[in-house]
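One structure is given below, encoded as structure tokens.
Worth knowing before you read on, the calculation uses all heavy atoms, side chains too, and leaves out hydrogens, waters and symmetry mates.
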Amino acid sequence: QVQLVESGGGLVQAGGSLRLSCAASGSMFSSNAMGWYRQATEKQRDLVARLSLGGSTNYADSVKGRFTISRDNAKNTVYLQMDRLKPEDTGVYYCAVLSFMTPQLWGQGTQVTVSS
């Protein structure tokens, strides 16, 4: 069975850094585009970063220049490096398998809280 498990969230002060990990199992890791989404309290789940099969990346304007999505095929893991964090980055971060640029499978989410 295909499963995604996120980890690495936590509580940090503004200006700090976190690295989120998304471990995939049950399928060929390199066969899918991957994405990171964020859902803030009482808001919808929106795309934060996307990594395509061709290796191109796409970021939300609010995180561009601060976040970096990457993958390690040997470990079947996708990462989201988050630097210079801001309080507005707070939310639950979800890893997703993408097909036709649309999320098809979600992880359970990991909480990121950035204090002022």
Side-chain angles (χ1 to χ4, degrees):
Q1 294 183 346
V2 177
Q3 294 182 340
L4 301 175
V5 180
E6 300 98 331
S7 62
L11 174 64
V12 297
Q13 289 188 280
S17 298
L18 285 173
R19 189 181 73 165
L20 306 184
S21 298
C22 173
S25 64
S27 65
M28 188 69 70
F29 180 75
S30 62
S31 297
N32 300 103
M34 302 292 293
W36 283 98
Y37 289 73
R38 178 174 66 209
Q39 186 169 17
T41 302
E42 300 181 350
K43 295 183 179 179
Q44 67 179 29
R45 193 175 300 181
D46 292 324
L47 178 70
V48 173
R50 180 171 58 225
L51 180 62
S52 73
L53 285 173
S56 63
T57 57
N58 181 264
Y59 299 94
D61 288 342
S62 62
V63 308
K64 205 166 189 176
R66 299 187 297 116
F67 290 11
T68 304
I69 186 172
S70 62
R71 69 197 304 159
D72 186 336
N73 288 335
K75 296 181 178 180
N76 286 350
T77 301
V78 176
Y79 303 97
L80 184 67
Q81 178 67 43
M82 306 185 295
D83 297 319
R84 304 190 301 280
L85 283 160
K86 304 175 181 179
E88 51 262 45
D89 295 321
T90 294
V92 179
Y93 284 72
Y94 297 88
C95 180
V97 174
L98 305 181
S99 181
F100 298 100
M101 304 181 72
T102 301
Q104 302 295 319
L105 178 69
W106 299 98
Q108 85 287 351
T110 185
Q111 176 71 43
V112 172
T113 303
V114 184
S115 62
S116 300

Exercise for review: Check step by step if side-chain contact (heavy atoms from CB on, under 4.5 Å) holds for D46 and R38.
Suggested key: CA-CA 5 Å; D46 292 324; R38 178 174 66 209; over 6 Å; no
Practice item. Determine, stepwise, if the pair V112 / L20 fulfils side-chain contact (heavy atoms from CB on, under 4.5 Å). Key: CA-CA 9 Å; V112 172; L20 306 184; 4.0 Å; yes
Point to revise | Steps toward side-chain contact (heavy atoms from CB on, under 4.5 Å) verdict (C22, M34) | key: CA-CA 10 Å; C22 173; M34 302 292 293; 4.3 Å; yes
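Annotation for C95 and E6: closest pair N-OE2, 2.7 Å, computed over non-hydrogen atoms. Considering every non-hydrogen atom in both Q104 and S99, the closest pair reads CG-CB, 3.4 Å. Across V12 and S17, no two heavy atoms sit closer than the pair CG1-O, 4.2 Å. Nearest approach of G35 to I69, heavy atoms of both residues: CA-CD1, 4.5 Å. Taking all atoms of both residues into account, the shortest heavy-atom contact from Y93 to D89 is OH-O, 2.6 Å.
Residue K75 forms a side-chain contact (heavy atoms from CB on, under 4.5 Å) with just one option from T77, V78, N73, and that option is T77.
A 4.5 Å side-chain heavy-atom check between Y37 and V92 finds every atom pair outside the cut-off. R66 places none of its side-chain heavy atoms less than 4.5 Å from the side chain of M82.
The hydrophobic cluster containing V48 also contains V114, counting ILVMFWY residues as joined when their side-chain heavy atoms lie under 4.5 angstrom apart, directly or transitively. Linking ILVMFWY residues whenever their side-chain heavy atoms come closer than 4.5 Å, directly or via other members, places L105 and L80 in the same cluster.
Remark: R19 is positioned above the aromatic ring of Y79, its terminal NZ or CZ atom under 6.0 angstrom from the ring centre and at most 45 degrees off the axis.
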